[in-house]
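So the structure is just underneath, and the comments pick up after that.
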Amino acid sequence: MPRPPRAARWLLRLLLPGSIHDAFAGDLHERFVRDHHRDPRRARRNYWRDVLSPTVLHLRREVKGMPLPPGTPPGAGRGDGTMTALLADLKFAVRMLLKAPAFTAVAVLSLALGIGPNTAIFSLVDAALLQDWGVPEPEGIVDMYSLTDDGRYFYTYYRVYELIDEGAGDVFTGVAASAQQPANVDLGGEGELLMGELVTGNYFGVLGVQPARGRDFLPEEDATPGTHPVVILSDRFWRTRLGSDPGAVGSDVRLNGRPYSVVGIAPPEFKGRIAPGIGTDFWVPVRMYPHLAPNQMSNGNLFFMGRLRDGVTTEQARAVLDAIATRYNEERPDVRSTLTIGAVNLDEVRLSPNFDDTIQAMTILLFAAVGLVLLVACVNLASFLLARATDRRKEMAVRISMGAGRGAIVRQLLVESLVLATLGGAAGLLLGLAASRLLVGIDPPVDIPLNLEVGFNLRILLFTMGVAGVAALIFGLTPALEATRAPVAATLRDESGSAGGRTKGRARGFMVAAQMALSTVLLFGAALFLRSLQAAMSLDVGFDTGPAAVVSVEPWASEMTDEEREVFVADLIREAGDLPGVTSLAATSRMPLDLGTTNTNFDIPGVEPPPNADRHVLEFAAVSPSYFATMGIDLVEGRLLDASDEDPETAAGVGLLSRAAAQRFWPGESAVGRVMFRGGDPERAVTVVGVVDDAAIWSLTESPRPYLYLPLSQGGFGRYELVARTSRSPGQVAAEIRDLAKELRPDVLVSQTGTMNDHLAYIYFLPRMAATTISLVGVLALILACVGLYGMVSYTVARRTREVGIRMALGADRGAVVGMVVRGGLLVVALGGLVGVGAAFGLGQLLERFLIGVDGLDPLALFAAPVALFALSALAAWLPARRVSRIDPVEALRSE
Amino acid sequence: MPPQRPGDFEQQVLLAVWRLEGAAYGASVRDELEERTGAGVAQGAVYTTLIRLEKKGFVQSRLSDPTPVRGGKAKRLFRITAEGRAGVQEVRRAMDRLWEGLPAPESPTGDSV
């Protein structure tokens, strides 16, 4: 039997007195059960709407003083008392807070600064990781990949799909395959690169997703290669690009220059199988690969998803898949195939089984950082409230002497904390949502269009409410308990300055010290991240990272014959090289450090392939002859490529190796003149004509990788990066190259127009992002801690007015008195800082593993964090301490 | 004391209770209203009105036994009183007098005989 949302039921119980609650909740329950049969989502929504309706409050008012109907069990009307008392507490709390607007403002702001970052991070995590796949019963879907020995999941071949489709009918009702495929989507304008999926015809059926408009793919559309250009579009594409046009189904959309007929629109909740935070924009039958992905099908870039039959477990499916993998391997004795099929339940996948662990670790790190900020903010609040409690001793004493129980007073103070927390939570929610919009607005420099849809939702609200609630408990409980401990009689006789005050002073000092310790840790972490970024940016990557224009041209995404493409690329290289101010220009199929790679395999006579492999696998780029001069990569041995290597008439298969490759294959010998056979094919020999210096390929810190450079004519896949060194503005030159490409072929896709700096932003993105975030968090914590210190010192000054008056009357120097107060504050800072530095040692050891080129005990960071802390806190202590010197001794002695 | 007149929405709720004779409680009254008037109403509004009508003496209520389809909650059953009937009929008469000589509204189904 379905049950209404727990939170809504709970809220209703709180809102309505017991006398009416049961009958009313029963009515709602009845309607919920009925709605649930038709649409569970709508049922929940309707239930919430009824509970949150203002009419429920009217009902509450109407019911008061209502006689209970006959048949009511005894005691059903209880709960009224607590609720009424709580309401009275609430009214009183609001009145108290309004009476101290400055206190309330600082408290709410502090809390907002503590809660906001938590909400911001949570809403990002929510948008990226907590989204549903939009697939009914995801626990019944099993994703299948090829699994490597070291536990990584990879895409695999269509043949594997055929075997699973044939052989796993006992465990799956159906198996579908999907390959990610970008395409140039053109609605009669510029065109843009969007992410899509090539899918088998049963994809939507297996997942159990119904197109919201139009229809699913037909069996014949997935039967013969290249004959059915049909497409199903995402709801987002339909909304944002087609303006929700109801006539979209049946119209045409151009993909890579060819019209595809729109047969359906996916439902809004289904965002495809790439990742919910990225989103698929179009689905095309996999049989259209000859058009959309001519070079890719043989590479094995598919993964599969199967729907388990009723009563079949994932374990049983795994056993069947193991048998299928064995069959696949037996089909290929010549290549020593070692396929293992890895199977994962969809409801256990967040983004991809490969990255989920890393992402989880990063998420935890982020939450730890913002959690610390919240803790600092809470301690601030606790410290403020403690001071207020001291000021309100008299009020409490009066209330206790009038017969108020300790519980009632603690409850009253907790309600005040809750009101503060609610206000702070609301402000934090707004702040956090604004911050998350800003963070998403930072365009990550990746080719894939990220489509994180951050925005307000119930999960974010509940999370923020939860955080605020926990905060209220943390900062409210200690002061509330403390407040009731005052000796009633003494307080009423107005014996201030009793021993209780000193204890509280010490408690506040302890809290400020804790804040300072937390801030030191965060600042130290921030300094480490900044140092790491600095180290990353000054690493030698083996090529010239100086100013240059970088333009990505994608002829594969237009309808061109191979011949047309070669002519276009040759023309573009020649004419772009002639642009004014261009000193050197080169084309390559792959820029170094572009977060991707292309590889191919070779037989090398006399050199054994690595264990478990049939051939040597080499990463490579196809480059124009001028590439090495343009990129500043030096020749070590032999010769560079020249124009004759590009000419199809005279070209023999030639290539250059990186120094690391030459050393791996022929250590201590010359590599020049050696021959390698591509794919083991004697017809496709590549002769090594030269060796060049190593350049970073994947990451900044890698040890030099074996790499191969081929002539452009022998390795291009239809995507080219043009790099131009220039004496003019690189951005300007890049724009001119783009215009030139468009002039030569108006239909060509130019996917990026930028500079070397833009390109390197790829690789610096994560360290930069991490350093920025953690620095902001550290600074925020420091500011909050200083507000706490300021508050503590101000309070000390106020409390010690009389003492200072006596001292000054006895002839104490004003400067000395100020010094005394500041010293008191800084002693606390020093204690906290010391503990913080101790903790920072531990943190350093932990972060050392994540960070590039940084010692976990980086002396600069260890030095900078406490210095920044001390400088700012000296200011925070000195500002209020100055007030001491303005105390008039006569006035001070007369007061109280 | 002249009988109090029920307000606009009160009349609707009262008529629904009357129609449901013996089986009127929060959920069924809401269904009846939504079905007959074609407009959605909040459960809270229905219930507030029922309670108000009870205070005015137009309806009486009693608790039934709990049922599982309601999450184990009892129904609060409402029954129209003589005053309730008199109240709505009085309003009806007043409205009829006002309608006299004016064109009658078209029936939405058009087949009333």
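Order of the sequence lines sets the chain letters (A, B, ...), proteins ahead of strands, with each chain counted from 1.
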Is any side-chain heavy atom of A:His58 closer than 4.5 Å to a side-chain heavy atom of B:Ile51?
no
Got a donor-acceptor contact below 3.5 angstrom from the B:Lys55 side chain to the A:Glu62 backbone?
yes
More than 12 heavy atoms of other groups within 6.0 Å of B:Glu21 CD:
yes
Quick one: do A:Ile20 and B:Arg76 satisfy side-chain contact (heavy atoms from CB on, under 4.5 Å)? Show the steps, please.
CA-CA 9 Å; A:Ile20 199 75; B:Arg76 185 159 173 170; 3.2 Å; yes
Which portion of B:Ala45 sits near chain A, non-hydrogen atoms under 4.5 angstrom:
both
Is there a side-chain contact between B:Asp31 and A:Arg31 (heavy atoms, below 4.5 Å)?
yes
Tell me whether B:Gln89 at atom CD has more than 12 heavy atoms from other residues, nucleotides or ligands lying less than 6.0 Å away.
yes
For a quick test of reading the model, state the closest non-hydrogen atom pair linking A:Asp27 to B:Tyr25 and the distance between them.
OD1-CD1, 3.2 Å
Part of A:Arg34 within contact of chain B (heavy atom distance under 4.5 Å):
side chain
So for atom CZ, which belongs to A:Arg459, do other residues, nucleotides or ligands contribute more than 12 heavy atoms lying within a distance under 6.0 Å?
yes
Pair A:Asp50 + B:Arg30: basic N to acidic O under 4.0 Å
yes
Could you pull out the closest heavy-atom pair between B:Ala42 and A:Thr55, with the gap in Å?
CB-OG1, 3.8 Å
Would you indicate whether B:Glu34, at its atom CD, is surrounded by more than 12 heavy atoms from other residues, nucleotides or ligands within a distance under 6.0 Å?
yes
OG1 of B:Thr48 to CZ of A:Phe24: how many Å apart, nearest 0.5 Å?
7.0 Å
Are side-chain heavy atoms of B:Gln43 and A:Val56 found at a separation under 4.5 Å?
no
